[in-house]
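Atoms within a ligand are numbered from 1 in the order they appear, just like the ligands themselves. Treat the numbers as computed from the prediction; the structure is a model and nothing was measured. These numbers come from the heavy atoms of this one structure, side chains and all, not from hydrogens, waters or symmetry mates.
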Amino acid sequence: MPRLAILSAGGDCPGINAVIRAVVRTANQQGWEVVGIRNGYRGAVENDYIVLGPNEIAGLLPRGGTMLGTDNRYDPASFPVEEDGRIVRKDMSAQVMANLEKLGVEGLIAIGGDGTMAVTRGLAERVGLKAICVPKTIDNDLPSTDQTFGFDTAVQTATDALDKLHTTAESHHRVMVLEVMGRYAGWIALYTGIAGGADVILIPEIPWDPDVVAQTILERRARGRMFSIVVVAEGALTPEGERVVQRTVPDSHEQVRLGGIGQVVGELIEEKTGIETRVTVLGHIQRGGSPSPYDRLLATQLGAYAAQLALEGKYGQLVALRQGKIQAVPLDQVETGIRTVPVDGPEVMAARAIGISFGDR
Ligand code: F6P
């Protein structure tokens with residue numbers, strides 16, 4: 001039976017399991033077997049795998065996370081290996097190819113973000129890996145696709161949190177600041193802020209002034225609205241134009257982990273308004289849980305299409321959602337970098353029209 005391999009790498013997000021299920025079902029329907037590589041490219045080097053059949057994927061659709069496990073620190077091009085009691089970095093790309101060949105695998109479907117795409121492209125160029133990439137991230141910041149699966153679920157989770165913060169903010173006449181994820185793009189903050197009825201949304205794309213934020217809150221008070229809700233993207237800059245970094249992760253493709261801007265915003269608001277302010281950092285809750293119906297649908301479409309391309313031997317592609325259609329984009333034409341929020345885009349315009357402040361003048 002011909003075989004395909006699949007792996008997930010980088011940060012997890014709701015919907016990865018739906019892709020795995022769609023790939024396995026599409027392949028099985030056409031007489032192919034799928035091998036799941038565990039823990040991203042680490043498993044590809046270490047030959048850690050599981051054969052995925054109907055029993056392995058049963059009940060997978062509503063499950064968050066990834067049944068294959070993931071890792072965002074391993075690139076076969078610079079893989080940590082123990083030698084004479086020391087850890088040295090070696091190019092293990094040929095090992096990946098040898099392992100796949102041993103498994104009788106014709107090609108690989110790699111589910112991941114920008115880091116995984118870069119690693120996959122590198123393997124294709126260096127050792128001729130035949131691969132198809134499926135983009136994923138809750139951040140929705142990949143330039144190659146109009147929306148990533150995982151984003152809708154993250155926004156749903158964050159909006160639910162904002163609804164809950166609303167009730168306690170109102171009772172205590174407080175300001176509530178919610179810090180959400182999103183790396184260097186403000187998509188999660190923007191969508192959550194609009195969907196959850198925030199008064200102020202602070203995103204990396206729009207520089208903000210604490211006096212403007214304070215004025216918005218005080219004007220609401222003057223109108224008898226005694227509480228306010230502020231959503232801050234983790235990548236929003238401080239008034240001095242700096243990012244707030246929580247920690248760095250050596251060996252990771254993206255070493256900086258953002259976090260802490262919510263506290264900065266909360267303290268400035270309290271200082272400038274005199275109103276009691278509380279800060280909530282939502283964190284990894286945004287990455288967990290069951291995927292929304294939208295994410296299940298998008299993930300299933302991407303998975304089925306990726307499998308179809310692989311079965312036809314059309315490798316070297318990324319599958320993407322573009323203008324409402326699932327399409328293939330050649331891997332060497334995939335844009336790199338971050339898709340940020342357009343500051344004059346329809347969502348920002350609608351938010352401004354209904355009186356949401358972005359803290360700018
Ligand atoms: O890219 C997804 C994401 O959740 C970002 O929103 C966040 O900044 C980062 O990953 C957190 O990474 P980690 O799981 O390594 O803490």
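- Note: F79 and Y74 have tilted aromatic rings, judged against thresholds of 30 and 60 degrees for the angle between ring planes.
- If you check which protein heavy atom lies closest to atom 16 (O) of ligand 1, you get H284 NE2, 3.0 Å.
- Contacts between Q286 and ligand 1 below 4.0 angstrom, taking non-hydrogen atoms only, are absent altogether.
- Taking a cut-off of under 4.0 Å to the non-hydrogen atoms of R183, the atoms of ligand 1 that pass are 5 (C), 6 (O), 8 (O).
- Distances below 4.0 Å separate heavy atoms of G182 from the following atoms of ligand 1: 6 (O).
- The existence of a salt bridge linking R38 and D71 is excluded, since no basic side-chain nitrogen approaches an acidic carboxylate oxygen closer than 4.0 Å.
- Close approach of ligand 1 to R257 (heavy-atom distance below 4.0 Å) involves ligand atoms 11 (C), 12 (O), 13 (P), 15 (O), 16 (O).
- Atom 4 (O) of ligand 1 has its closest protein heavy atom at R287 NH1, 2.8 Å.
- Side-chain contact, Y41 with T120: a donor N or O sits under 3.5 Å from an acceptor N or O.
- Using a 4.5 Å heavy-atom cutoff, the side chains of R243 and L258 are in contact.
- Ionic pairing of R121 and E125 is not present here: no N-O contact between side-chain nitrogen and carboxylate oxygen is shorter than 4.0 angstrom.
- Taking CZ of R183 as the reference point, atom OG1 of T137 lies at 6.0 Å (rounded to 0.5 Å).
- Selection from D139, D141, T70, D114 by nearest heavy atom to atom 2 (C) of ligand 1 gives D139.
- Close approach of ligand 1 to E234 is summarised as follows: ligand atoms under 4.0 Å from at least one heavy atom of the residue are 5 (C), 6 (O), 7 (C), 8 (O).
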